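Everything quoted here is computed from the prediction, not taken from an experiment. Residue numbering restarts at 1 for every chain, and letters A, B, ... go by the order of the sequence lines. All values below were derived from every heavy atom in this structure, side-chain atoms included, with hydrogens, water molecules and symmetry-related copies excluded.
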Amino acid sequence: MSVDANEILQGLTTPQRDAATHIDGPLLVLAGAGSGKTRTITRRIAYMVANGIPPWNILAVTFTNKAAGEMRHRTMELLHALPQRLSRGVTVATFHSLCARLLREYATVMGLAPNFNIMDTSDQLKVVKQAMEKAGLSPDSMKPDRVLSAISDAKSKLKSAEAFSKTATMFNDRNIARVYMAYEQLMNENKGVDFDDLLFKTAVMLRDHADVRKQLQDRFRYILIDEYQDTNHAQFVIAHMLAMSHKNICVTGDPDQSIYGWRGANLSNIMEFEQFFPNARVVLLEQNYRSTKIILKAASALISNNIARKNKDLWTDNETGPKILHLVCADEHQEAHELVKRLKEFHDQQQIGWENMAIMYRINAMTRVLEDALMKSSVPYQIIRGTEFYGRKEVKDVIAYLRLITTPEDNISLERVINVPPRSIGQASVARLSGYANEHHLTLMAACRRADAIDGLPKRAAEACRRFAAMIDSWRNRFVPSAAGVTIPTAPPEEEFAESESGMFDFSSADADPLFDPALAADFSAQAPEVSDFDAENGGGQSDMKDEYQQSATAPGNRGSSIPVAEMMETIIEQSGMKLMDSGSGEDDEQRNANMLELVNVAAEFDRQNPGGTLQDYLTQVTLVSDTDRMKDQNAAVTLMTLHAAKGLEFPVVAMVGMEDGLIPHQRMFGGNAAEMNIEEERRLAFVGITRAMKHLILSRAAYRTMMGRSEAKNPSRFLDEIPDDCLEVVDLTVLQRPAGSPGFRDGASYHPPRGYTSAAPGHAAARSVQESPASSNTRFRRGTLVRHAKFGIGRVEGIDEVGGDYRVEVNFQGSGRRTLMLSFAKLETVDG
DNA sequence: GCAGCCTTGTTTTTT
DNA sequence: ACAAGGCTGC
């Protein structure tokens with residue numbers, strides 16, 4: 001062991017050191033919340049490099065870009081301290097970004113176009129709808145998003161459309177199978193790959209292609225996977241395929257923080273790691289450096305109610321700290337108001353900065369009241385929401401244009417922007433176009449180029465289509481250098497896949513169309529206003545940690561592009577008319593222009609950090625990035641987020657609102673077959689929330705909460721009962737008379753609980769939920785009754801109440817989900833059994 | 001082809 | 001209560 005290696009290990013506890021120095025062979029690090037996991041694994045990587053392992057043989061996989069960024073950063077800092085000057089770094093990637101790169105590299109092995117586009121959820125939904133249409137299924141029979149999640153679920157279990165079809169016996173599954181088949185075909189035609197495909201296809205590639213597997217095993221001789229409790233089956237297979245030859249696999253995680261089961265995460269991957277690798281070393285990190293003794297005690301007590309876990313005894317040397325405040329409020333307005341009041345006290349009296357406080361909740365819908373209260377008290381805040389920015393229409397539109405440039409086969413993107421800004425190409429025209437394309441086996445793009453030849457397409461629309469195509473082609477010629485000259489084909493489709501100099505198939509000319517008119521494209525370029533100079537900084541900013549493919553990974557069609565992406569984007573925004581479109585009036589338009597400008601700025605940042613980065617690289621990155629990754633922590637603002645979004649973060653002050661049965665655990669977890677398992681996941685969610693807190697924790701709940709327009713009595717969360725009493729200080733505001741004029745209650749009137757509400761002893765004021773009145777059940781249909789509907793099929797009654805002589809029945813249908821029906825209209829039959 | 005109305009649904013969402 | 005998406009009328 002070298003001197004440097006010793007220095008690297010400095011300050012680590014014995015278990016942390018055990019983990020950091022175990023290099024060869026399987027290793028499972030069970031890292032409790034706040035146990036210094038990231039610190040341990042970054043030291044481990046540095047230790048490996050210090051001991052002579054080439055960094056490019058090391059692969060670290062995380063789940064979020066944020067986690068990857070942090071790990072990259074912290075590892076880089078350590079490696080910089082090393083005497084070796086390393087030119088190439090460790091590969092730090094998310095599962096999805098790793099797979100995207102591998103699939104581009106080995107595209108031909110999987111029969112993929114290297115210029116495939118990554119389809120996001122909204123693209124997927126469009127494809128599903130088209131697939132359902134193709135399969136002859138109306139959107140009434142099945143909800144598209146349900147079908148999508150079924151497909152996604154299948155893919156995450158490595159079940160192909162064919163395999164799915166073979167095992168589908170139920171009526172519903174057979175329909176899904178048909179859609180799945182059509183969906184896959186459409187994805188292929190569009191040269192699209194969805195999020196699940198990235199994992200699926202990589203796993204299949206590693207499984208079925210020994211040569212590729214061997215190459216990658218040799219490249220990634222040491223593998224580290226973070227948050228292993230959140231891996232799904234596909235990810236499990238990828239990890240195992242990569243590690244099966246050398247078995248140098250280190251996985252870290254915490255079964256108690258597995259909160260993505262609903263997304264296909266398989267807890268048994270981590271629970272049974274030792275069965276898959278019998279000689280695995282297991283290290284427990286149980287010392288917590290984050291929270292007070294009280295907070296930790298509460299968290300431990302709560303989570304000990306779970307059966308499916310690996311026992312850990314979290315402990316800390318930190319101070320005991322104040323008790324957890326359990327705030328019982330009359331309703332959500334009071335809850336928000338009282339909470340903000342207390343946060344203000346922390347800020348004003350204890351000089352705790354706003355950035356050190358977070359409010360967490362189970363569902364996004366709870367933000368509104370909180371926002372109101374924060375705004376009224378002039379407390380700065382920021383909300384973390386998944387797709388706030390990239391989900392915006394105008395942002396997606398710009399991205400769609402870019403995608404169309406790299407991948408003209410992407411009909412989904414084309415349909416998205418062909419009439420943005422309005423070009424008088426309406427739905428009917430697109431349908432015509434689409435029909436023609438199908439008939440002649442063309443892409444929509446190709447159909448646009450020969451729009452004049454399409455019967456029934458209005459002159460105006462045809463002209464607009466032709467101009468649209470010319471516009472895209474001109475951009476493509478300019479922005480994708482190798483496409484120029486190749487794109488003007490006379491070759492029949494069979495010869496589209498010309499072999500390029502790189503030895504890979506060049507798909508850049510796959511959109512070959514005999515009617516492509518270079519003159520028209522050139523003409524368009526000439527007319528278009530020249531874009532002003534864009535001062536993109538080139539050079540600098542390249543980090544050592546950048547791995548080998550990030551520098552070289554370019555689809556064959558994109559090599560050597562030197563135009564910064566930001567500049568392309570500006571061109572597009574101007575020449576497409578999207579900018580003009582917004583020059584009209586109104587604040588909305590201004591906001592949209594600002595968003596597009598922001599997008600350009602973010603792209604400029606990409607250009608700076610990735611000199612030589614291609615448009616393709618940019619698009620790959622941008623689709624795999626969420627807003628959470630852009631969360632600014634320098635803002636002096638209270639952070640609002642869901643409990644899910646909170647994982648991995650910590651704050652001195654944490655408030656969890658809505659601690660009520662029905663919210664945590666969530667209503668949807670009740671009933672159903674896997675209810676018990678789901679309750680455990682909900683408990684883990686609460687555990688994650690509690691363990692985010694360093695010093696102060698507030699748990700609040702409301703006796704009445706307005707949800708979906710109805711005020712409902714709420715029982716305290718069962719999880720509150722699982723927290724030892726001596727950890728809690730209960731403040732019950734429902735039994736206190738508030739002074740007149742106090743905000744939070746209209747007119748300052750004192751609070752009168754509605755009928756049916758009983759206020760019990762302070763601490764656990766139990767609100768009884770309103771009992772189902774006898775009148776609201778029906779002799780034939782009651783909760784739990786299995787029913788059949790002519791259109792929606794089989795379902796189970798989840799609720800029934802009387803409405804003006806009729807009955808309103810809520811039924812959860814197998815295919816199409818929850819529906820509310822009026823008994824007199826819906827022809828419901830009971831199903832026995 | 002587009003605007004306003006009405007129906008619909010409303011857990012979480014690393015990618 | 002409220003937003004988003006689909007549908008109808010201009």
Side-chain angles (χ1 to χ4, degrees), chain A residues 61-69 93-100 118-122 124-125 129 139-140 143-145 148-149 152 155-156 193-200 226-227 229-232 234-235 257-265 332 360-366 368-369 384-387 390-391 393 419 422-430 458 460-461 464 620-629 631 641-649 658 662-669 678 681-682 684-685 688-689 705-711 810 816-820:
Chain A
V61 186
T62 62
F63 270 78
T64 64
N65 292 291
K66 204 160 146 260
T94 64
F95 262 111
H96 289 82
S97 69
L98 173 77
C99 291
I118 300 171
M119 300 279 187
D120 69 17
T121 318
S122 67
Q124 284 179 279
L125 213 51
K129 283 176 186 162
D140 288 335
K143 288 210 299 195
D145 57 335
L148 179 56
S149 61
S152 169
K155 284 186 182 176
S156 77
V193 164
D194 67 28
F195 287 138
D196 302 302
D197 282 335
L198 291 172
L199 305 174
F200 177 92
D226 195 19
E227 305 281 15
Q229 77 281 354
D230 289 331
T231 47
N232 63 26
Q235 290 159 333
Q257 293 185 62
S258 160
I259 54 175
Y260 285 105
W262 52 275
R263 267 191 96 183
E332 69 272 19
M360 300 169 190
Y361 35 82
R362 178 64 233 263
I363 56 170
N364 277 314
M366 295 170 74
R368 170 156 287 114
V369 233
I384 307 299
R385 246 185 298 235
T387 49
Y390 289 109
K393 184 188 177 296
N419 206 28
R423 299 187 174 92
S424 37
I425 307 173
Q427 226 181 355
S429 302
V430 174
R460 208 165 97 135
T620 301
Q621 193 197 273
V622 90
T623 10
L624 296 179
V625 138
S626 77
D627 282 7
T628 327
D629 305 315
M631 180 183 129
M641 65 191 129
T642 62
L643 288 163
H644 283 91
K647 199 170 71 163
L649 305 176
L663 275 172
I664 326 179
H666 196 270
Q667 194 78 49
R668 292 234 175 149
M669 301 306 154
N678 289 335
E681 182 155 313
E682 294 286 300
R684 291 193 289 266
L685 199 50
V688 165
R705 186 177 296 274
T706 307
M707 302 208 69
M708 296 183 208
R710 276 259 152 255
S711 175
E810 262 187 69
S816 45
R818 260 174 114 98
R819 303 254 176 186
T820 305

### Task
Tell me, please, which residues at least two apart from Glu332(A) pass salt bridge (Lys or Arg N to Asp or Glu O under 4.0 Å).
none

### Query
Under 4.0 Å between a side-chain N/O of Thr642(A) and OP1 or OP2 of dT13(B), yes or no?
yes

### Message
When you compare the side chain of Lys155(A) with that of Asp197(A), does any pair of heavy atoms fall below 4.5 Å?
### Response
yes

Which atoms of nucleotides 2-4 of chain B (N or O only) lie under 3.5 Å from a protein N or O atom, and what are those distances?
unit_1: dC2(B); atom_1: OP2; unit_2: Asn419(A); atom_2: ND2; d: 3.2

### Query
Quick one: what's the B/S/- string for nucleotides 1-10 of chain C, heavy-atom cutoff under 4.0 Å, read 5' to 3'?
BSS--S----

### Message
Tell me every residue that passes ring-ring contact (aromatic ring centres under 6.0 Å, His included) with Phe95(A), counting only those two or more places apart in sequence or in another chain.
### Response
Phe63(A)

### Task
Classify the side chain of Arg263(A) and the base of dT12(B) as holding, or not holding, a donor-acceptor pair under 3.5 Å.
no

### Query
Between Asp230(A) and Lys647(A), is any pair of side-chain heavy atoms under 4.5 Å apart?
yes

### Task
Measure the distance from CD on Glu227(A) to P on dT14(B) and round it to the nearest whole Å.
14 Å

### Query
Can a side chain N or O of Asn65(A) be found less than 4.0 Å away from OP1 or OP2 on dT14(B)?
no

### Message
As an exercise, state the distance from CG of Leu199(A) to CD of Gln235(A), rounded to the nearest 0.5 Å.
### Response
5.0 Å

### Message
Return whichever of Arg460(A) or Arg362(A) has its heavy-atom-nearest nucleotide of DNA chain B closer to the 5' end.
### Response
Arg460(A)

### Between dT11(B) (P) and His644(A) (NE2): distance, integer Å
13 Å

### Query
Leu198(A) CG to dT14(B) P: how many Å, rounded?
15 Å

### Task
Kindly say if Ser429(A) contacts the phosphate of dG1(B), meaning a side-chain N or O under 4.0 Å from OP1 or OP2.
yes

#### Entry: Rounded distance (Å) that lies between atom C1' of dT14(B) and atom CG of Asp120(A)
15 Å

### Task
Compare all side-chain heavy atoms of Ile363(A) with those of His666(A) and state whether any distance is below 4.5 angstrom.
yes

### Summary
For Arg705(A), the salt bridge (Lys or Arg N to Asp or Glu O under 4.0 Å) test, sequence neighbours excluded, returns Glu335(A), Glu660(A)

### Task
Write down the distance between CZ (Phe63(A)) and C1' (dT14(B)), rounded to a whole number of angstrom.
8 Å

### Query
dT15(B) P sits how many Å from Leu98(A) CG, rounded?
15 Å

## Note on the structure
Ranking dT11(B), dT13(B), dT10(B) by distance to the side chain of Ile363(A), first place goes to dT11(B)

### Task
With DNA chain B as reference, determine whether Tyr260(A) or Asp145(A) sits nearer its 5' end, using the nearest nucleotide of each.
Asp145(A)

### Summary
Atom NE2 of His96(A) and atom P of dT15(B) are separated, to the nearest Å, by 9 Å

### Task
Any chance you could measure Leu643(A), atom CG, to Glu682(A), atom CD, to the nearest 0.5 Å?
9.0 Å

### Query
How long is the line joining CZ of Arg684(A) and C1' of dT12(B), in whole Å?
13 Å

### Task
Check step by step if ring-ring contact (aromatic ring centres under 6.0 Å, His included) holds for Trp262(A) and His644(A).
CA-CA 12 Å; Trp262(A) 52 275; His644(A) 283 91; 5.7 Å; yes

### Query
Got a sec, which residues hit side chain to side chain contact (heavy atoms under 4.5 Å, CB included) with Ser97(A), two or more places apart in sequence or on another chain?
Ala93(A), Thr94(A), Arg101(A), Leu624(A)

### Query
Which whole number of Å gives the distance between the P atom of dG5(C) and that of dT12(B)?
16 Å

### Message
Under 4.0 Å from OP1 or OP2 of dT13(B): is there any side-chain N or O of Asn364(A) that close?
### Response
yes

